[in-house]
2 protein chains.
Amino acid sequence: MGTLKYAILGLLNRNEMTGYELSKEFETTLFEFWNAKHSQIYPELKSLNAEGLIQYRVEITGNVLEKKVYTITDEGRRDFSEWEETLCPIQTASKDESRLRLFFLDGASPDFQQRFLADQLSQHQKHLEHLLENQKKFDEIPPTDDRAFSDYLVLRGAVYREEAALQWIQECIKLGEQRSAELKK
Amino acid sequence: MGTLKYAILGLLNRNEMTGYELSKEFETTLFEFWNAKHSQIYPELKSLNAEGLIQYRVEITGNVLEKKVYTITDEGRRDFSEWEETLCPIQTASKDESRLRLFFLDGASPDFQQRFLADQLSQHQKHLEHLLENQKKFDEIPPTDDRAFSDYLVLRGAVYREEAALQWIQECIKLGEQRSAELKK
DNA sequence: CAGCCCATGTAATTGGTTACATGATTTT
DNA sequence: AAAATCATGTAACCAATTACATGGGCTG
């Protein structure tokens, strides 16, 4: 689908950036819903440049170190807008190893079942805490015309997702306990 | 991580199956959290067989048509149990194009923003309905020692996930409307 | 006998991760 | 002086999708 291409164009459409800065952006802001390592980013920048969708100038840091500051071209902007203004199917499926393990968990020992669920619960709790920590940084909802508004929205999306995961694991634990109770009878 | 390997071993650990039946299983039961096309399954079966983790016998349907019915070996069972009884990290990140688009949505026209969100909302509603339809098929929660119990649990997980997505989109719409109201002032 | 489902495979390509490789700059 | 971070790239490999390729069996 070439989604990485549009993620990069979208970021460059907001600010000029180096490959390094792009990869930091992927690690932080976009991390929850799109990630890419520098080893994927640099080649992609090369090919976007070859296509004429982005350009770069070289800047010097210190005495020698060169960095390439990329900017989007008009053609790049056109290409991005076209992508931006199309509908897209929701993600109904996604690979999730935890859920796969849970699917097969009935085959494991009752002791391990308990440990597994407790571990998943605690991991999700920690992650949710972390997200809420980030949410605190917005001491109020940013104005809708601010760049930070998008950051806020996707963060909220991640919070909802974690909360749902937590509720689910809790339900799994509850149903598991009912089972133990039944077995004791 | 070789997760496909364990998905297949796990399914064969429950029932003997042909490659075709495995691929149907991926399309239906496992679809929400792990998917694989037949073009990935057949080569994987070949290599699992070469490793001695699974075996097959040939059965004839009709007069000529051969099918390979795969069974898991003792070695395969051992390998699977080892995987089954280990903890695993939760999925904190996953590629989701809808969320990426939403992240960049502030750049689109107000008209399109509305259309995009309404479309996402309706897609999620339809998908949730579909999941609830499946849930109805379990007219009560299956007994915890039943194979169907796992099916039920992961279905519940998918329901929670969809509900969260719906709530999130609704919040996005609400915040978007507040913006329009502000702009009118 | 047409159309759909059963059944199995391979090939080409894309997407993505891990590892390899190098070196400058800044901070402690 | 060491450690962390800035900065850019390539190579090898693994995972996954799309397309190619073939043919039998069943139902209307």
Side-chain angles (χ1 to χ4, degrees), chain A residues 1-9 12 16-28 30-31 33-51 54-70 89 91-97 100, chain B residues 1-9 12 16-28 30-31 33-51 54-70 89 91-97 100:
Chain A
M1 309 153 187
T3 311
L4 176 61
K5 167 180 166 179
Y6 294 106
I8 291 176
L9 287 179
L12 293 179
E16 54 175 37
M17 257 186 254
T18 65
Y20 187 79
E21 286 168 328
L22 278 165
S23 83
K24 290 293 151 192
E25 206 62 30
F26 278 104
E27 279 169 25
T28 55
L30 277 70
F31 181 77
F33 54 98
W34 205 273
N35 197 12
K37 312 286 170 70
H38 75 275
S39 56
Q40 204 184 353
I41 294 169
Y42 287 116
E44 186 69 33
L45 286 170
K46 204 174 178 178
S47 84
L48 290 177
N49 180 60
E51 284 178 71
I54 61 174
Q55 290 175 326
Y56 67 89
R57 64 170 192 279
V58 174
E59 280 193 2
I60 308 283
T61 311
N63 295 313
V64 214
L65 188 61
E66 294 190 349
K67 60 180 182 182
K68 297 181 178 173
V69 182
Y70 287 90
Q91 190 197 264
T92 54
S94 79
K95 310 222 157 162
D96 186 333
E97 194 181 325
L100 185 67
Chain B
M1 308 157 186
T3 311
L4 176 62
K5 167 179 165 179
Y6 294 106
I8 291 176
L9 286 180
L12 292 180
E16 55 175 37
M17 255 185 254
T18 66
Y20 187 80
E21 286 168 327
L22 277 165
S23 85
K24 289 293 151 191
E25 205 62 30
F26 278 104
E27 276 169 29
T28 54
L30 278 67
F31 181 78
F33 55 97
W34 205 276
N35 198 11
K37 312 286 171 71
H38 75 276
S39 56
Q40 204 185 353
I41 292 168
Y42 288 116
E44 187 69 33
L45 285 170
K46 203 174 178 180
S47 82
L48 290 176
N49 180 60
E51 283 178 73
I54 61 175
Q55 293 174 326
Y56 66 88
R57 64 167 192 280
V58 174
E59 281 193 1
I60 308 284
T61 311
N63 295 315
V64 211
L65 188 57
E66 295 190 350
K67 60 180 180 180
K68 297 180 178 174
V69 182
Y70 287 90
Q91 189 195 262
T92 54
S94 79
K95 311 223 156 160
D96 186 332
E97 194 181 325
L100 185 69

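Sequence lines set the chain letters: A, B, ... in the order given, protein chains first and strands last, and positions in each chain run from 1.
- Remark: P of C:dG15 and CG of A:L48 are 12 Å apart, rounded to the nearest angstrom.
- A salt bridge does not link B:E21 with B:K24: none of the charged nitrogens is closer than 4.0 Å to a carboxylate oxygen.
- Of all nucleotides listed (D:dG9, C:dT8, D:dT10), C:dT8 comes nearest to the side chain of B:Y42.
- Of the two residues near DNA chain C, B:K95 and B:E66, the one whose nearest nucleotide lies more 5' is B:E66.
- In this structure, B:I41 places its CD1 atom 12 Å from C1' of D:dA16, rounding to the nearest Å.
- Taking atom CD1 on A:I60 and atom P on C:dT26, their separation rounds to 13 Å, with Å as the unit.
- What separates NE2 of A:H38 from P of C:dG15 is a distance of 19 Å, to the nearest Å.
- At whole-Å resolution of the value, CD in B:E59 and P in D:dG25 are 15 Å apart.
- For A:L65, counting side-chain heavy atoms from C-beta on, the closest listed nucleotide (C:dT25, D:dG9, D:dG25) is C:dT25.
- Checked for salt-bridge contact, B:E66 and B:K68 miss the test: no charged N lies under 4.0 Å from a carboxylate O.
- Separating the CG atom of A:N63 from the P atom of C:dG23 is a distance of 17 Å, rounded to the nearest angstrom.
- Heavy atoms of A:T3 sit nowhere under 4.0 angstrom from any nucleic acid atom.
- Taking the side chain of A:Q40 as heavy atoms from C-beta on, and the options D:dA16, C:dG15, C:dA7, the nearest nucleotide is C:dG15.
- Within the 4.0 Å cut-off from OP1 or OP2 of D:dA7, not a single side-chain nitrogen or oxygen of A:K24 is found.
- Considering only heavy atoms from C-beta on, A:K95 stays 4.5 Å or farther from B:M1 through its side chain.
- With distances taken from any side-chain atom of B:T61 to the nucleotides D:dT10, D:dG9, C:dA7, the minimum falls on C:dA7.
- Here the nucleotide nearest the side chain of B:K37, chosen from C:dG9, C:dT17, D:dT17, is D:dT17.
- Judged by distance alone with a 3.5 Å cut-off, a donor-acceptor contact links the side chain of A:S39 to the base of C:dT18.
- Among C:dT25, D:dG25, D:dT8, the nucleotide with an atom closest to any side-chain atom of A:T18 is D:dT8.
- In this structure, A:Y70 atom OH and D:dA7 atom C1' are separated by 11 Å, rounded to whole Å.
- Nucleotide C:dT8 holds its C1' atom 11 Å from the CG atom of B:L45, rounded to whole Å.
- The pair B:R57-B:E59 counts as a salt bridge, with a side-chain nitrogen and a carboxylate oxygen less than 4.0 angstrom apart.
- Around atom OH of B:Y42, more than 12 heavy atoms belonging to other residues, nucleotides or ligands sit under 6.0 Å away.
- Residue-level contact check: A:K5 touches neither bases nor backbone, having no heavy atom under 4.0 Å from any strand.
- The side chain of B:K67 contributes no N or O atom lying less than 4.0 Å from OP1 or OP2 of D:dG25.
- With D:dA16, D:dG9, C:dC6 as the choices, the nucleotide that has an atom nearest any side-chain atom of B:Y20 turns out to be C:dC6.
- A residue-by-residue look at A:P43 and B:N35 shows that A:P43 has its nearest nucleotide of DNA chain D further toward the 5' end.
- Of the listed residues (A:I54, A:L22, A:L4), just one forms a side-chain contact (heavy atoms from CB on, under 4.5 Å) with A:E44, and that residue is A:L4.
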